[in-house]
Number of protein chains: 2
Amino acid sequence: MADRIRVLVVDDHPVVRQGLRTFLDVQDDLEVVGESADGTSCVDDAERLGPDVILLDLRMPGADGVSALHGLREAGNPAKVLVITSFTEPSAVLPAVRAGASGYVYKDIDPPALAAAIRSVHAGHVLLHPDVARLLAAGEARPGGAELTARERDVLLEVARGRSNREIARALSLSEKTVKTHVSAILGKLGVQDRTQAALHAVRSGLVRP
Amino acid sequence: MADRIRVLVVDDHPVVRQGLRTFLDVQDDLEVVGESADGTSCVDDAERLGPDVILLDLRMPGADGVSALHGLREAGNPAKVLVITSFTEPSAVLPAVRAGASGYVYKDIDPPALAAAIRSVHAGHVLLHPDVARLLAAGEARPGGAELTARERDVLLEVARGRSNREIARALSLSEKTVKTHVSAILGKLGVQDRTQAALHAVRSGLVRP
DNA sequence: ACGGTCCTCGGTCGATGGACCTAGGTCCTC
DNA sequence: GAGGACCTAGGTCCATCGACCGAGGACCGT
């Protein structure tokens, strides 16, 4: 039929792309029109192929999922984006939703549910995994939640690489004092006790690639 | 044909299982005889289906990949095991190889290479991704490398959950001094500078699930 | 011009972490 | 029974971390 839902699959693993394609191709009303392996090519492919729905993995080398979302938005692409990932942290969900994601599901979803999710998103709904919705609600409940500034993200990234404050200071050309200030702010915003927890949080949330 | 290589796919993600199955089914000499979602059912399925080669993801909920390897060995299962994972740490490779894995490849492998890897493993060869081989060689070069004791693994697991020495001491019913001794030993064996790096190492190596 | 946020840096101070050394007890192996 | 791991625990010592305080300058929108 002519009005099948056109889907673009974006994931850095060929295996996962093939799996998703196979799942979706057996659905009569879905059509996988392309695959992208990273965030940057995703934006180009979306422009070229004009998909209705983009299945987007958040964690990818090069440009990550959130960057891809921003890129799509800036390009004015009307495609709905359904984030499919294995990370559960609200700090990963919030930026994605804010960046314009229309849905957020986990990778352990079963095929029929995934197909249903794509249809829902295509219909204009915002679809969240129940756990994600709960996390989101919890995040909204505590105002000013996990919203890190750009500089704090820089520092957290270094923390999540196992760097000491001194090393971070050198790497970012800062005073060690400034680094400590940022780290303290990060700990407060993330609601964790120390840098180790912050680093783990960053990894869980997909901010850094393990 | 009757003598196709029988493959069992073990991964906790349906999407990945489907992707692998699709990749392999198009190969004339390969036959996917089953799928398992976790380590325990993997051992049962291997017993029941009698595969020639088992494609095993190291990181899974419940019983992880290494446990599954031990289980297969104890059950006397003759199947070759090809580990396919996204982790790159030598501390993840070494236990897997020691536990009887015949191969170790990354998930970003392309389909033909994966098929070739399965054939090699089935033929009795040990197949390692070049990077893995290098890591393995480097690990062997420094004797007594990253071989943690059982207790140290317990402690590292807690470290990788973001616990402080005091919390770990309470959790494991130990003195804080003892915990510090273990932590120091862990840092030395892993070749890292502090607990944050150790925690990240644990996550990368798949010892804990993010 | 004003308030707000962010980035920068400073000081102090207590808590924590980790290095290094020693040592008793257990269990296993030779 | 003599090693040799491993687990446990203590001591000392110093570096690092993180909390809490303040403060100046840049940039923003109103």
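Because the structure is predicted, anything quoted here is derived from the model rather than measured.
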Heavy atoms, side chains only, cut-off 4.5 Å: are [X] and [Y] in contact?
X	Y	answer
A:Leu8	A:Ser36	yes
B:Ile54	B:Val10	yes
B:Val105	B:Leu82	yes
B:Asp45	B:Arg48	yes
A:Leu114	A:Leu55	yes
A:Arg119	A:Ile5	yes
A:Ile84	A:Leu20	yes

**Item:** Minimum-distance nucleotide (side-chain atoms of B:Asp194 versus C:dG18, D:dC7, D:dA19)
**Value:**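 The answer is C:dG18, which lies nearest to the side chain.
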
Does a side-chain N or O of [X] approach OP1 or OP2 of [N] to a distance below 4.0 Å, or not?
X	N	answer
B:Thr149	D:dC7	yes
A:Ser184	D:dA19	yes
B:Thr178	D:dT8	no

Take the protein atom [atom1] of [X] and the nucleotide atom [atom2] of [N], then report the distance between them rounded to whole Å.
X	N	atom1	atom2	result
A:Lys180	D:dG18	NZ	P	9 Å
A:Lys189	D:dG18	NZ	P	17 Å
B:Leu156	D:dC7	CG	P	13 Å
B:His182	D:dT8	NE2	C1'	7 Å
B:Leu187	D:dT16	CG	P	15 Å
B:Arg151	D:dC7	CZ	P	8 Å
A:Leu148	C:dC6	CG	C1'	13 Å
A:Gln193	C:dA15	CD	C1'	14 Å

**Contacting residues from residues 157-175 of chain A, given that a heavy atom lies under 4.0 angstrom of DNA chain C** = A:Leu174, A:Ser175

**Asked** Quick one: which of A:Lys180, A:Arg195, A:Glu176 gives a side-chain hydrogen bond (donor to acceptor under 3.5 Å, both in side chains) with A:Asn165?
**Response**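 Of the listed residues A:Lys180, A:Arg195, A:Glu176, the side-chain hydrogen bond (donor to acceptor under 3.5 Å, both in side chains) partner of A:Asn165 is A:Arg195.
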
**Prompt:** What dot-bracket string describes DNA chain C from 5' to 3', counting Watson-Crick and G-U wobble pairs whose defining distances are under 3.5 Å, with [ ] for crossing pairs and | for pairs to another strand?
**Reply:** |.||||||||||||||||||||||||||||

**Whichever of B:Glu176 and B:Glu152 has its nearest DNA chain D nucleotide further upstream toward 5'** =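 Per heavy-atom nearest nucleotide, the more 5' residue is B:Glu152.
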
Under a 4.0 Å threshold between the charged nitrogen and the carboxylate oxygen, would [Y] count as salt-bridged to [X]?
X	Y	value
A:Arg17	A:Asp12	no
B:Arg21	B:Asp11	no
A:Asp52	A:Arg4	no

Give each protein N/O atom lying under 3.5 Å from an N/O atom of nucleotides 21-29 of chain D, with the pair distance.
none

**Message:** Check this for me: does the side-chain of B:Lys177 come within 3.5 Å of the base of D:dG10 through a donor and an acceptor?
**Reply:**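 There is none.
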
